[in-house]
Amino acid sequence: MYKRFSRRLAGAAVATGLVMALVACSGAEPSENQAGDVVLRVGAIQEPVNMSPAKLALGNDRMMAMMVYSGLVRYKMPTTEIVSDVATEWNVSTDGLTYTFKLRQGVKFHKGYGELTSADVKFTVDYHKSPNNASVVRTLYEPVETVETPDPYTAIFKLSRPVNGFLNTLAWQNGYILSSAAVTKLGPAIGTEPVGSGPFELTEWRKGENLTFSRFADYFGDKPQASAVKINIIPSELTQILAVSKGDLDVASITTLPALETANSLDTVQVKTQPSQWVNIAHLNCRPENVTGDVRVRQALMHAIDVNALTSASKGFQQPQVTFLNPYIFGYSDKVPKYPFDQNRAKQLLAEAGYDGRQVSIVYASTFQFEDLAQILKQSFEAVGVKAVLEKTEGAVYSQRGVQGKFDLWISAAARNTADEYLSPYFTPSGPRDYGRCGNEKLGTQIAAARSDTNQDSAKASYETIQQAIMQDVLIMPISLQQGAWALSPKISSFEFDAYPFLADFQRTRLGG
Amino acid sequence: MVSAILWRTQRAVVTLLVLLTVVFVAVRLVPGDPALTLLGDYATPELVADVQRELGLDRPIWSQYVTYLGDLFTGDLGYSYRNNMPAMELIASHFPYTAYLAIFGFTLGVIPGILAGTLAGQWHGTRRDLGIMGVATLAMSVPPFWLGLVLLFLFSLVLPWFPLTGGGDSGNPLDMLYHLVLPAIAVGARQLAIVSRVTRSSVLDVWGKDYLVTAEAKGLPKRQILRKHVLRNAMLPVISISALEMISLLSGTMVVEVVFSRPGLGSLFIAAVNARDLPLIQACVIVFGLIVILVNFIADLLYGSADPRVRGAVQ
């Protein structure tokens with residue numbers, strides 16, 4: 001009986017193997033389909049939450065929105081040079097209160113929603129400004145009193161006050177133009193069924209698996225080589241990089257050192273890096289009852305950090321950063337008070353402050369490279385006698401701790417489009433992101449004045465003064481500037497990406513020779 | 001039979017009601033604001049208040065609970081904040097992946113497990129018995145996520161026989177099967193080990209009974225004794241343990257889905273918890289609760305079918 005059973009078992013095993021071989025022949029989807037069209041396969045760590053320009057908050061959402069939408073103007077990637085998009089020309093009045101845009105004729109929205117006209121531009125601004133829509137960029141459009149539309153291809157923005165960097169706001173994702181017809185019809189569903197005028201349109205979404213953005217046949221600009229971009233949802237960055245090496249993906253973003261090291265070690269992966277806008281910072285708690293409430297303690301902590309050691313430990317992935325503004329934006333200045341690594345000076349400052357040995361809590365989220373940064377800060381502080389306790393929290397709790405000010409240091413990353421997008425929320429008294437209550441009236445006044453100053457030279461000088469004041473009192477702790485990096489398939493011959501994390505120019509990506 | 005079903009249904013409803021009430025309260029007590037999580041870096045107090053109003057989170061908890069219960073009775077499991085669509089639709093799109101993984105993993109675990117356990121029982125005391133139980137012990141010691149990583153490394157990277165990620169093309173059964181192989185082995189290995197051990201013990205226990213000695217003495221063929229007398233009696237504890245393992249396998253699929261970057265209820269649930277997507281969390285818990293109740297019910301039926309003495313008690 002046992003011999004008969006063994007033969008049956010062997011037969012079953014052979015049959016199973018044959019089935020598996022047959023199944024294995026279905027294989028992974030190649031980047032070129034049978035029609036010879038090129039499909040660019042990109043990894044994303046999560047599905048999009050909301051791709052509406054009014055709700056863009058997450059990196060992945062921004063990556064996808066970038067394929068779908070157009071604005072009046074845009075940045076020429078990877079620079080911050082402002083170039084034409086839907087608008088063919090524009091003019092700014094000398095008082096900075098009137099912006100006149102001439103629109104390209106024949107720009108089409110996806111899915112048959114008609115031509116993009118100045119009425120859609122007006123609709124977009126009104127949509128963002130309306131309190132009913134809870135737009136995340138509402139404050140950026142508050143200075144716009146009205147948008148006049150004398151004809152379908154002219155949009156005139158009338159501002160209540162001059163705004164330094166208003167064109168930058170429009171060039172960024174905040175300036176994407178909505179289809180009034182689509183938004184009226186779809187309502188909130190526009191977040192998951194985006195309708196834009198960009199080079200790609202969302203044509204398929206398999207929940208939990210992938211999204212397909214197909215080339216828009218009526219796109220007004222340069223036609224992408226890729227007939228489609230397929231976004232594959234793979235929660236682990238490391239797995240994405242392995243998928244690139246295996247040939248299952250063409251593009252994966254890199255945001256952590258282990259992922260970068262893995263990518264560099266694989267022969268079948270090409271790695272592209274460049275400086276990015278990503279500044280790792282720690283919000284400090286300036287409340288008097290907190291140990292970091294004393295400016296001398298904050299200055300001591302700055303002196304305690306050996307940023308060069310951080311750079312070397314990260315193999316160049318993190319670079320020294322003396323201010324919290326990223327080097328790409330207007331107003332950045334490195335002529336700020338510096339805090340070179342000096343443990344003796346740190347101890348001296350702590351003694352002057354009468355530091356009483358209280359613990360410093362360092363709150364951070366369990367994402368990106370924050371763990372590594374937190375460990376380095378802890379070691380640095382303890383080397384000068386400041387006991388630090390690490391509080392690693394998951395996303396929702398991390399946000400809440402920040403908003404409630406329950407921290408001494410709250411590690412974050414900032415990548416902003418304009419200086420004012422950092423300064424106003426962070427440093428005006430009780431500003432929406434002044435979590436540590438480090439803002440003050442004087443700074444608030446200086447920031448408001450710089451925002452309205454359309455003279456580039458004086459505005460630049462104002463921003464420099466503001467940064468000097470902030471760094472003099474260490475109202476925020478810049479830690480490092482992180483490199484932007486992407487893992488690419490060897491098939492990719494041309495690829496540009498933005499200084500803003502997660503954003504790449506899939507329209508102009510080229511595969512093959 | 002009908003009264004048994006009715007009685008069980010009544011019990012299931014009460015269980016579910018208690019479960020969802022506990023979950024409803026628990027997710028609202030846990031730190032983390034859904035509005036804040038949705039808005040991310042652009043959260044301002046005004047925007048947070050706006051979003052909370054939009055989501056109905058500014059209402060008193062009892063009011064939210066009453067609305068929630070009312071919606072449940074009409075089959076509405078709520079609207080996912082994060083995904084901007086009905087929770088039921090999301091679950092329906094993800095459920096097949098988890099179901100296939102659970103069923104395939106269960107099948108890979110239970111059937112070979114019963115086979116291996118039966119053989120080990122018959123080969124009791126021999127090297128073959130030791131070998132089978134040794135492998136079973138090893139399989140029980142290895143966590144599914146670790147096994148999954150090893151399988152990925154060996155059969156996806158070193159030997160590129162299987163895909164690294166994904167659940168496969170839902171319109172192509174062969175492709176879905178292809179994507180199931182490694183994850184199903186990862187979840188099924190532990191089931192195989194446990195079922196084989198229980199089966200072996202059970203077979204050994206039954207084999208020594210007097211009625212089997214009588215059956216052998218009467219000259220019945222060994223195969224007939226095994227099939228009609230040994231296995232049928234040995235299966236009773238195996239059925240019970242398999243039901244329990246099916247339930248624990250569901251939690252195993254959660255972890256394996258993450259390791260293999262597969263869509264499914266597990267990864268959906270984890271994302272919902274991270275995002276504090278309250279309606280989706282609640283909906284997932286209800287679905288898991290229903291699955292547990294269903295599995296237990298099927299196990300009771302099978303048990304009753306295998307043992308007439310129990311059948312009457314069940315009815």
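Chain A is the first sequence line, chain B the second, and so forth, proteins listed ahead of strands; every chain is numbered from 1.
Using modelled atom types and a 3.5 Å distance limit, the side chains of A/Arg62 and A/Tyr500 yield a donor-acceptor pair. Side-chain contact check for A/Tyr141 and A/Asn174: no donor-acceptor pair (N or O, by modelled atom type) lies under 3.5 Å.
Contacts between B/Ser267 and chain A at a heavy-atom distance below 4.5 Å are absent for every atom of the residue. For B/Phe260, no part lies near chain A; criterion is any non-hydrogen pair under 4.5 Å. Contacts of A/Ala413 with chain B are made by backbone atoms alone, with heavy-atom separations under 4.5 Å and no side-chain atom involved. Heavy atoms of B/Ser156 lying under 4.5 Å from chain A belong to its backbone as well as its side chain. For chain B, the nearby part of A/Ser135 is the backbone; its heavy atoms alone come within less than 4.5 Å. With a 4.5 Å cut-off on non-hydrogen atoms, A/Val136 touches chain B through its backbone and its side chain both. Contact of A/Pro425 with chain B is not made at all, since no heavy-atom distance falls under 4.5 Å. With a 4.5 angstrom heavy-atom cutoff, A/Leu249 does not touch chain B via any of its atoms. With a 4.5 Å cut-off on non-hydrogen atoms, B/Thr37 touches chain A through its side chain but not through its backbone. Looking at B/Arg276, the atoms closer than 4.5 Å to chain A (heavy atoms on both sides) all sit in the side chain, from C-beta outward. There is no contact between A/Gln240 and chain B, counting heavy-atom distances below 4.5 Å. Heavy-atom distances place both the backbone and the side chain of B/Leu38 under 4.5 Å from chain A.
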Under the salt bridge (charged side-chain N to carboxylate O under 4.0 Å, His left out) criterion, do A/Arg401 and A/Glu391 qualify, and how do the steps go? CA-CA 10 Å; A/Arg401 291 284 299 269; A/Glu391 296 183 36; 2.6 Å; yes
Give the intermediate values and the outcome of side chain to side chain contact (heavy atoms under 4.5 Å, CB included) for residues B/Thr98 and B/Glu257. CA-CA 8 Å; B/Thr98 299; B/Glu257 280 169 6; 2.7 Å; yes
Applying salt bridge (charged side-chain N to carboxylate O under 4.0 Å, His left out), run through A/Lys207 and A/Glu209 and close with a yes or a no. CA-CA 5 Å; A/Lys207 289 285 179 185; A/Glu209 274 214 77; over 6 Å; no
Could you go through the salt bridge (charged side-chain N to carboxylate O under 4.0 Å, His left out) check for B/Asp169 and A/Arg206 one step at a time? CA-CA 9 Å; B/Asp169 179 354; A/Arg206 293 188 178 182; 2.7 Å; yes
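Contact count against chain B (heavy-atom pairs under 4.5 Å) is highest for A/Leu242 among A/Asn132, A/Thr393, A/Leu242, A/Val403. Among the candidates B/Ala49, B/Gly166, B/Gly168, the residue making the largest number of heavy-atom pairs closer than 4.5 Å to chain A is B/Gly168. Chain A forms the most heavy-atom pairs under 4.5 Å with one residue out of B/Val51, B/Thr165, B/Val259, B/Leu164, and that residue is B/Leu164.
B/Tyr100 OH: 12 or fewer foreign heavy atoms inside a 6.0 Å radius.
Using a cutoff of 4.0 Å between basic side-chain nitrogens and carboxylate oxygens, B/Asp58 and B/Arg53 are not scored as salt-bridged. A salt bridge between B/Asp50 and A/Arg138 is present, with a side-chain N of the basic residue lying under 4.0 Å from a carboxylate O of the acidic one.
Residues B/Leu149 and B/Phe153 have side chains not in contact (no heavy-atom distance under 4.5 Å, counting atoms from C-beta outward).
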